[in-house]
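Below is one structure, written out as structure tokens, with a few remarks after it.
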Protein chains: 2
Amino acid sequence: MQEIENFLVQKEIRPTAMRLLIYKFMAQKSVASSLNELEQAFEKSERTTLYRTLKTFEKKAIVHRIDDGTGIAKFALCEDTCNCELGTDLHLHFHCTRCNETQCLTEQKIPHVILPKGFKATDANLVVKGICNKCPSC
Amino acid sequence: MQEIENFLVQKEIRPTAMRLLIYKFMAQKSVASSLNELEQAFEKSERTTLYRTLKTFEKKAIVHRIDDGTGIAKFALCEDTCNCELGTDLHLHFHCTRCNETQCLTEQKIPHVILPKGFKATDANLVVKGICNKCPSC
DNA sequence: AAAGACGTGCAACTCTTGTGCATTAACAGG
DNA sequence: CCTGTTAATGCACAAGAGTTGCACGTCTTT
């Protein structure tokens, strides 16, 4: 917990109780969290607080927003060295259609695609859907 | 117009006036359309009708829904031979952050990615963001 | 301790998407 | 051409996620 506090301070984020708890919660999960999940996990807190906390985390680049195609935004912690840059940091996201969880596959970077003349890429998002390694695929 | 009617009938879709117009409208556009755009283009018609028409088209596999990360669903006509299958039909979508248009790059198929053991892919979505060929990139 | 900046909780609102139901239009059979 | 069945349309309404304004509380700085 002390570590998290130090980390937040280092990132210029005030280490309030809520923020510590939210960060800890996300760090312990291996899959991305939606606003709704956090709301359930912290029933005593307000949706708005969670919402703004995530926004702050996102701005300070310690979490990234994931659009997995479900229409519900998910959030996951960034890796230490992440700058969310195309070609280096941007990894693919896997959405399991069985357990409905979304996770980062940080090892799998988004492959380089050759765009037609005149197109210039600055960002990319690759979501693969299917069955994850925790769900029986039979 | 007669061609469109034949096409719809062949796909088991009743060729009502609205459907013909909507199909024609989408065929003339090179970029994907949102529900909102269609609403503006057909002010005399109802949102619900457009919504349900798109849903019908989607079910009959003559349009596909595009999630470009803006949170607003876009729709574009499928190619004749399209089955929306991974590895053959699924192409990438390009979202221009300048003109805010989304288009299909049907030539650019989604590259094959090697997933970790235990993962099984059935679908994928790749959205590249940047500046399109119609916007000045300077 | 006071002042200012920042975080939190509450309420209300927007925008997109979706549903129920009555009405209207399209198609098939006589 | 008329009629009955089926499907499409129009209207009202609702659900859900995301967002903002405002008041209040807490923390930091001096």
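Computation of the quantities below employed the complete heavy-atom set of this structure, encompassing side-chain atoms and omitting hydrogens, waters and symmetry-equivalent molecules. Letters go in sequence order (proteins before strands), and every chain restarts at 1.
- Look at CG on B:Leu50: it is 12 Å from P on D:dC11, rounded to the nearest Å.
- Protein chain A contacts DNA chain C over a range whose 5' and 3' limits, counting nucleotides with an atom under 4.0 angstrom from a non-hydrogen atom, are C:dC6 to C:dA12.
- To the nearest 0.5 Å, atoms OG (B:Ser34) and CD (B:Glu101) are separated by 9.0 Å.
- For A:Arg65 (side chain) and A:Ala73 (main-chain N/O), no donor-acceptor pair under 3.5 Å exists by modelled atom type.
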* Verdict with supporting geometry, A:Asp67 and A:Lys74, side-chain contact (heavy atoms from CB on, under 4.5 Å) -> CA-CA 6 Å; A:Asp67 172 20; A:Lys74 307 265 170 71; over 6 Å; no

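- When the C1' atom of D:dC11 is taken as reference, atom OH of B:Tyr51 falls 16 Å away, rounded to whole Å.
- Map B:Thr16 and B:Lys74 each onto its nearest nucleotide of DNA chain C; the residue landing nearer the 5' end is B:Lys74.
- The side chain of B:Thr53 places an N or O atom within less than 4.0 Å of a non-bridging phosphate oxygen (OP1 or OP2) of D:dT9.
- Applying the side chain to side chain contact (heavy atoms under 4.5 Å, CB included) criterion to A:Lys55, with sequence neighbours excluded, gives A:Tyr51.
- Between the C1' atom of D:dC27 and the CG atom of A:Leu8 lies a distance of 15 Å, rounded to the nearest Å.
- The residue B:Arg52 sits close to a base: some heavy atom pair falls under 4.0 Å.
- One can place CE of A:Met18 at 14 Å from P of D:dC27, the figure rounded to the nearest angstrom.
- Here the closest heavy-atom approach between residue B:Ile72 and residue B:Asp68 is recorded as O-OD1, 3.8 Å.
- B:Thr49 has no side-chain polar atom (N or O) that falls below the 4.0 Å cut-off from OP1 or OP2 of D:dA8.
- Annotation: of the two residues near DNA chain D, B:Arg14 and B:Lys44, the 5′-most nearest-nucleotide partner is B:Arg14.
- Taking the six-membered ring for Trp and the full ring otherwise, B:Phe94 and A:Phe119 have centroids separated by under 6.0 Å.
- Rounded to whole angstrom, the span from the CG atom of A:Asn36 across to the C1' atom of D:dT19 amounts to 16 Å.
- Evaluation of atom-type donor-acceptor distances gives no pair under 3.5 Å for the side chain of A:Arg65 against the base of D:dG18.
- The residue A:Ser45 sits close only to the backbone: its heavy atoms come under 4.0 Å of sugar-phosphate atoms, none of a base.
- With contacts defined as side-chain heavy-atom distances shorter than 4.5 Å, the pair B:Pro111/B:Leu126 qualifies.
- We find that CD of A:Glu58 is positioned 11 Å from P of D:dG18, with the value rounded to whole Å.
- When the P atom of D:dG18 is taken as reference, atom CD of A:Glu37 falls 12 Å away, rounded to whole Å.
- The interatomic distance linking B:Glu46 (CD) with D:dA12 (P) rounds to 8 Å, in whole Å.
- Between D:dT9 and B:Lys55, no contact under 4.0 Å exists linking OP1 or OP2 to a side-chain N or O.
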